[in-house]
Novice: 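This is the structure I have questions about; it appears just below.
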Protein chains: 2
Amino acid sequence: MSNSRNTIARTEILNLIREAGEALSHADLQASLGDLCNRVTIYRVLDRLLEERLIHKIADVDGNITYAACHDCSSRHLHNHIHFRCEACQSVTCLNRVEPEFKLPRQYVVHSMNFTVSGLCPKCSGKR
Amino acid sequence: MSNSRNTIARTEILNLIREAGEALSHADLQASLGDLCNRVTIYRVLDRLLEERLIHKIADVDGNITYAACHDCSSRHLHNHIHFRCEACQSVTCLNRVEPEFKLPRQYVVHSMNFTVSGLCPKCSGKR
DNA sequence: TTTATTAATGCAACTTAGTTGCAATTAATT
DNA sequence: AATTAATTGCAACTAAGTTGCATTAATAAA
């Protein structure tokens with residue numbers, strides 16, 4: 001039933017996102033891809049990958065969008081793990097192990113969530 | 001020590017945000033204000049109000065920015081409550097009572113956080 | 001292998017969000 | 001009333017994302 005085609009742009013973009021240690025922005029991808037494809041294509045490939053649930057979208061405290069690979073999303077696609085954005089090195093990483101706990105009144109229906117924490121990452125904080 | 005001036009634009013914008021039941025976007029504010037002031041002024045007033053910690057900034061799952069009044073931020077300005085965005089009526093509300101619990105490895109330094117959940121609000125879900 | 005189908009792409013033009021420099025205005029202080 | 005510096009408006013700009021349409025190319029069918 002999958003009518004999604006395996007194009008060079010799609011393959012490259014998915015590889016970049018999967019192999020990156022951190023979440024990538026559209027601008028990051030465009031810089032890496034050079035003129036392999038048009039910037040509009042990047043937007044459209046990202047939309048497709050989101051729809052296919054191969055990647056997910058992260059908005060940080062300022063609304064900046066980045067994309068990261070999904071790990072275990074075939075069954076449920078609720079990304080209730082925390083994303084951390086470092087204010088020093090700008091990196092956005094998924095803290096897959098940290099699942100925040102919370103309870104909404106039962107009248108609410110949850111479809112998706114976006115938990116982003118900003119501050120200093122271990123590399124930049126100098127803490128141990 | 002406050003060198004912030006009490007202008008009409010500032011007063012109006014703060015009132016609008018405080019009296020709104022939900023978080024407002026720049027576009028919302030511009031629509032309400034009409035030609036009371038320039039749209040650039042709205043951006044600058046919002047920046048000032050953020051710096052003065054009278055309002056806070058919310059980014060939803062898609063990176064859309066809205067602003068809401070702060071309630072108890074004079075002491076600490078960590079907004080670790082959940083924001084809920086309704087996909088049906090587009091409203092963004094603060095769920096002040098719901099504080100998510102989570103623990104980061106101690107090497108991380110947290111400065112700010114953005115927790116946004118999307119789905120259906122009580123009005124739109126029809127649940128009780 | 002060739003043909004047919006339609007998803008995917010490139011391009012240009014567009015919208016929306018936000019920023020910047022600068023001259024003019026005005027709130028608050030003296 | 002005069003002074004000072006914060007604030008504003010304006011115009012021009014950058015960045016992010018979208019849309020329509022003609023062209024290209026991945027996949028399936030013949």
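Protein chains get the first letters and strands the later ones, always in sequence-line order, with residue 1 at the start of each. Worth saying up front: this structure is predicted, and the values here are computed from it rather than measured.
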Novice: What pairs of donor and acceptor atoms, side-chain ones from residues 103-110 of chain B against any protein atom, are under 3.5 angstrom apart with sequence neighbours left out?
Specialist:
from	atom 1	to	atom 2	distance (Å)
B:Arg106	NE	A:Arg128	O	3.4

Novice: Could you work out which one of C:dT20, C:dG18, C:dA8 sits closest to the side chain of B:Arg44?
Specialist: C:dT20

Novice: Rounded to whole angstrom units, what separation is found between the CG atom of A:Asp28 and the C1' atom of D:dA15?
Specialist: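 For the pair A:Asp28 CG and D:dA15 C1', the rounded distance is 14 Å.
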
Novice: Quick test: give all pairs of protein nitrogen or oxygen and nucleotides 2-6 of chain C nitrogen or oxygen below 3.5 Å, distance rounded to 0.1 Å.
Specialist:
from	atom 1	to	atom 2	distance (Å)
C:dT6	O2	A:Arg5	NH1	3.2
C:dT6	O2	A:Arg5	NH2	2.7

Novice: Base, sugar-phosphate alone, or nothing: which one does A:Ile8 contact when heavy atoms must sit under 4.0 Å apart?
Specialist: nothing

Novice: Roughly, in whole Å, what's the span from CD1 in B:Ile65 to P in C:dG18?
Specialist: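 In whole Å, C:dG18 P lies 6 Å from B:Ile65 CD1.
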
Novice: Quick check: do A:Cys89 and A:Lys123 have side-chain heavy atoms less than 4.5 Å from each other?
Specialist: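 A side-chain contact is absent here, since even the closest heavy-atom pair is not under 4.5 Å.
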
Novice: For C:dC11, does either OP1 or OP2 sit under 4.0 Å from a side-chain N or O belonging to A:Asn38?
Specialist: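 The answer is yes; a side-chain N or O of A:Asn38 sits under 4.0 Å from OP1 or OP2.
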
Novice: For B:Asn64, which of B:Val61, B:Thr66, B:Asp60 qualifies under side-chain contact (heavy atoms from CB on, under 4.5 Å)?
Specialist: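 Among the candidates, only B:Asp60 passes.
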
Novice: Round to the nearest Å and state the distance from A:Glu51 atom CD to C:dA7 atom C1'.
Specialist: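 Taking atom C1' of C:dA7 as the reference, CD of A:Glu51 is at 13 Å.
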
Novice: Could you work out which one of C:dA8, D:dT19, C:dT19 sits closest to the side chain of A:Arg48?
Specialist: C:dA8

Novice: Please check the phosphate of D:dG9 (OP1 and OP2 only) for any side-chain N or O of B:Thr41 closer than 4.0 Å.
Specialist: yes

Novice: In whole angstrom, give the distance that lies between atom OH of A:Tyr43 and atom P of C:dC14.
Specialist: 18 Å

Novice: For A:Leu36, answer base if it contacts any base atom (sugar-phosphate contacts may also be present), sugar-phosphate if it contacts only those atoms, and nothing otherwise; contact means non-hydrogen atoms under 4.0 Å.
Specialist: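 Since only primed, P, OP1 and OP2 atoms lie under 4.0 Å of A:Leu36, the category is sugar-phosphate.
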
Novice: Separation of A:Asn3 atom CG from C:dA8 atom P, in whole Å?
Specialist: 7 Å

Novice: Expressed as a whole number of angstroms, how long is the span from B:Asp47:CG to C:dT19:P?
Specialist: 6 Å

Novice: Do A:Leu33 and A:Leu16 touch side chain to side chain, with heavy atoms closer than 4.5 Å?
Specialist: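 A side-chain contact exists here, since the closest heavy-atom pair is under 4.5 Å.
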
Novice: Has A:Ser4 got a side-chain N or O lying under 4.0 Å from the OP1 or OP2 atom of C:dA7?
Specialist: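 False: A:Ser4 side-chain N/O out of range (4.0 Å or more) of C:dA7 OP1/OP2.
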
Novice: Rounded to the nearest angstrom, tell me the gap between atom CD in A:Glu52 and atom P in C:dA7.
Specialist: 13 Å

Novice: Report the relative orientation of the aromatic rings in B:His26 and B:Tyr43; use parallel for angles under 30°, tilted for 30 to 60°, perpendicular for over 60°.
Specialist: parallel

Novice: D:dA25 phosphate, OP1 or OP2: any side-chain N/O from A:Thr7 under 4.0 angstrom?
Specialist: no

Novice: Answer whether the closest heavy-atom distance between the side chains of B:Cys37 and B:Glu12 falls below 4.5 Å.
Specialist: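 B:Cys37 vs B:Glu12: side chains apart.
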
Novice: So does A:Arg39 reach the base of C:dG10 with its side chain, donor to acceptor, closer than 3.5 Å?
Specialist: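 Donor-acceptor pair under 3.5 Å: no.
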
Novice: Under 4.0 angstrom, heavy atoms only, what part of the nucleic acid is A:Ala27 near: base, sugar-phosphate, or nothing?
Specialist: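 Counting heavy atoms under 4.0 Å across all strands, no contact is made by A:Ala27.
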
Novice: Could you tell me the separation between the CG atom of A:Asp62 and the P atom of D:dA16, rounded to a whole number of Å?
Specialist: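 So the two atoms are 13 Å apart, to the nearest Å.
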
Novice: Side chains of A:Met113 and A:Pro100, heavy atoms from C-beta outward: is any pair under 4.5 Å?
Specialist: no

Novice: When clusters are formed by joining ILVMFWY residues with side-chain heavy atoms under 4.5 Å apart, either directly or through shared neighbours, do A:Val117 and B:Ile82 land in the same one?
Specialist: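 Same cluster.
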
